[in-house]
Amino acid sequence: MKIAIIGASGNIGSRITREALSRGHQVTAIVRHPEKLTLENESLVVTRGDVLDTEDLAAKLPGHDAVVVSYNPGWGPDVDFQKYVRAAESVLAAAKKAGLKRVLNVGGAGSLEVAPGVQLVDTPDFPPDWKEGALAMRDALEVYRKEQDLDWTFFSPAIMIEPGERTGKFRLGTDQPVFDEQHNSRISTEDYAVALLDELENPQFVRKRFTIGY
């Protein structure tokens with residue numbers, strides 16, 4: 001499979017890139033700063049690109065079987081988190097122009113339901129520093145949910161995601177967090193990448209959101 005990965009040099013995007021290459025896929029890494037991606041592989045092509053530049057993105061996508069969006073505008077008080085929404089709109093438009101059907105978006109956990117009708121981002125204990133970004137990512141999910149022509153998937157991580165071990169052992173869910181026996185919702189970035197590639201290779205959640213946890 002030939003996969004375009006937007007944000008391939010990031011914390012999660014780099015793990016997805018490594019996992020895809022380890023499975024023998026061809027990867028086009030579309031990144032704002034190519035110098036940050038030091039990985040070398042004969043099946044990897046690195047190109048400079050901006051997810052918000054729809055026309056340029058559309059020119060880079062033809063010939064690919066899928067595009068993975070692992071976009072992060074940054075973090076902090078001055079970040080425009082609405083770029084999550086504009087990125088979703090840009091990718092969907094570019095994919096249509098390029099004739100590419102499969103889009104898989106690295107999402108957030110804030111929009112997962114922790115009780116009937118109650119999303120994590122709306123709970124009193126949700127960290128204030130994360131709230132604006134989580135709300136914008138929730139809006140991006142709604143952009144995808146309105147898309148009826150492309151085969152999109154929105155992949156929310158566990159509530160806690162951080163670098164760790166690649167175990168290949170995890171459980172999947174849809175709109176509610178996956179908790180372990182200690183009522184923790186967690187996943188390593190490595191296992192998140194495994195599940196994402198599993199979904200690309202054997203789709204189970206087309207035009208749906210899904211999530212993961214141990």
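What's counted below: heavy atoms across the whole structure, side chains too, no hydrogens, waters or symmetry copies.
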Colleague: Could you tell me if the side chain of Leu57 sits less than 4.5 Å from the side chain of Val91, heavy atoms only?
Modeller: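 They are in side-chain contact.
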Colleague: State the CD1-CD distance between Ile161 and Glu190, to the nearest 0.5 angstrom.
Modeller: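 These two atoms lie 9.0 Å from each other.
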Colleague: What is the distance from atom CG of Leu120 to atom CZ of Phe126, rounded to the nearest 0.5 Å?
Modeller: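 That separation rounds to 5.0 Å.
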Colleague: Is there side-chain contact between Lys60 and Thr28, with at least one heavy-atom pair below 4.5 Å?
Modeller: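 Lys60 vs Thr28: side chains apart.
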Colleague: Where is the tightest heavy-atom contact between Leu52 and Ala87, given as atom of each residue plus distance?
Modeller: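 Taking Leu52 first and Ala87 second, the nearest heavy atoms are CD2-N, 3.6 Å.
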Colleague: For Gln182, does the CD atom have more than 12 heavy-atom neighbours from other residues, nucleotides or ligands under 6.0 Å away?
Modeller: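 Atom CD in Gln182 is crowded, with more than 12 foreign heavy atoms closer than 6.0 Å.
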Colleague: Is there a donor in the side chain of Tyr84 and an acceptor in the side chain of Asp139, or the other way round, less than 3.5 Å apart?
Modeller: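 Result is no, nothing qualifies.
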Colleague: With rounding to the nearest 0.5 Å, note down the distance linking CG in Leu197 to CD in Glu199.
Modeller: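 One finds 10.5 Å between CG of Leu197 and CD of Glu199.
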Colleague: Any salt bridge between Lys83 and Glu89, counting N to O under 4.0 Å?
Modeller: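 Answer for the salt bridge query: no.
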Colleague: Can you name the nearest heavy-atom pair linking Leu150 to Ala95, along with the distance?
Modeller: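 Smallest heavy-atom distance, with atoms named: CD1-CB, 3.8 Å.
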Colleague: Rounded to the nearest 0.5 Å, how far apart are CG of Leu39 and CG of Leu21?
Modeller: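 Spacing of CG (Leu39) from CG (Leu21) equals 6.0 Å.
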Colleague: Would Asp65 and Lys101 pass as an ion pair if we require N to O under 4.0 Å?
Modeller: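 Salt bridge between Asp65 and Lys101, a charged N being under 4.0 Å from a carboxylate O: no.
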Colleague: Is Arg166 salt-bridged to Asp191, going by a charged N under 4.0 Å from an acidic O?
Modeller: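 No.
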Colleague: Could you report the tightest heavy-atom contact between Ala66 and Leu200, atom names first, then the distance?
Modeller: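 Scanning both residues completely, I find the closest heavy atoms to be CB-CD2, 3.8 Å.
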Colleague: Answer yes or no: is there a side-chain heavy-atom contact under 4.5 Å between Phe81 and Lys131?
Modeller: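 Not touching, per the 4.5 Å side-chain cut-off.
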Colleague: Is any NZ, NE, NH1 or NH2 atom of the basic residue among Arg23 and Glu19 found under 4.0 Å from an Asp or Glu carboxylate oxygen of the other?
Modeller: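 A salt bridge links Arg23 with Glu19.
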Colleague: Report, as yes or no, whether the 6.0 Å neighbourhood of atom CD on Glu35 holds more than 12 heavy atoms from other residues, nucleotides or ligands.
Modeller: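 Counting other residues, nucleotides and ligands, CD of Glu35 exceeds 12 neighbours.
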Colleague: Measure the shortest side-chain to side-chain distance between Leu104 and Val69 over non-hydrogen atoms and say whether it is less than 4.5 angstrom.
Modeller: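 No, too far: nothing below the 4.5 Å cut-off.
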Colleague: Is it true that the side chains of Ser90 and Thr54 contain a donor and an acceptor less than 3.5 Å apart?
Modeller: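 Per modelled atom types, Ser90 and Thr54 side chains form a pair under 3.5 Å.
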Colleague: Can we say Arg145 and Asp175 salt-bridge, meaning some charged N sits less than 4.0 Å from an Asp/Glu carboxylate O?
Modeller: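 Yes, Arg145 and Asp175 are salt-bridged.
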Colleague: Between Thr153 and Arg102, is any side-chain donor less than 3.5 angstrom from a side-chain acceptor?
Modeller: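 The answer is yes; a qualifying pair exists.
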Colleague: Can you name the nearest heavy-atom pair linking Val46 to Pro34, along with the distance?
Modeller: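 In this case the closest contact between Val46 and Pro34 is CG1-CB, 3.9 Å.
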Colleague: If we ignore hydrogens and angles and just use 3.5 Å, is the side chain of Trp152 paired with the main-chain N or O of Glu147 as donor and acceptor?
Modeller: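 Side chain of Trp152 to backbone of Glu147: a pair is present.
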Colleague: Do Arg48 and Asp56 meet the salt-bridge criterion of a basic N to acidic O distance under 4.0 Å?
Modeller: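 Looking at Asp56 and Arg48, the cut-off is not met.
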Colleague: Decide whether Ser111 and Arg209 meet the rule of one side-chain donor and one side-chain acceptor closer than 3.5 Å.
Modeller: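 Yes, a side-chain donor-acceptor pair sits under 3.5 Å.
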Colleague: Closer than 4.0 angstrom, basic N to acidic O: yes or no for Arg186 and Glu162?
Modeller: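 Salt bridge absent between Arg186 and Glu162.
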Colleague: For the CG atom of Leu141 and the OG atom of Ser156, what is their distance to the nearest 0.5 Å?
Modeller: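 Between atom CG of Leu141 and atom OG of Ser156 there are 6.5 Å.
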Colleague: Kindly state whether the ring of Phe155 and the ring of Tyr192 have centres lying under 6.0 angstrom apart.
Modeller: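 Yes, the ring of Phe155 comes within the 6.0 Å limit of the ring of Tyr192, centre to centre.
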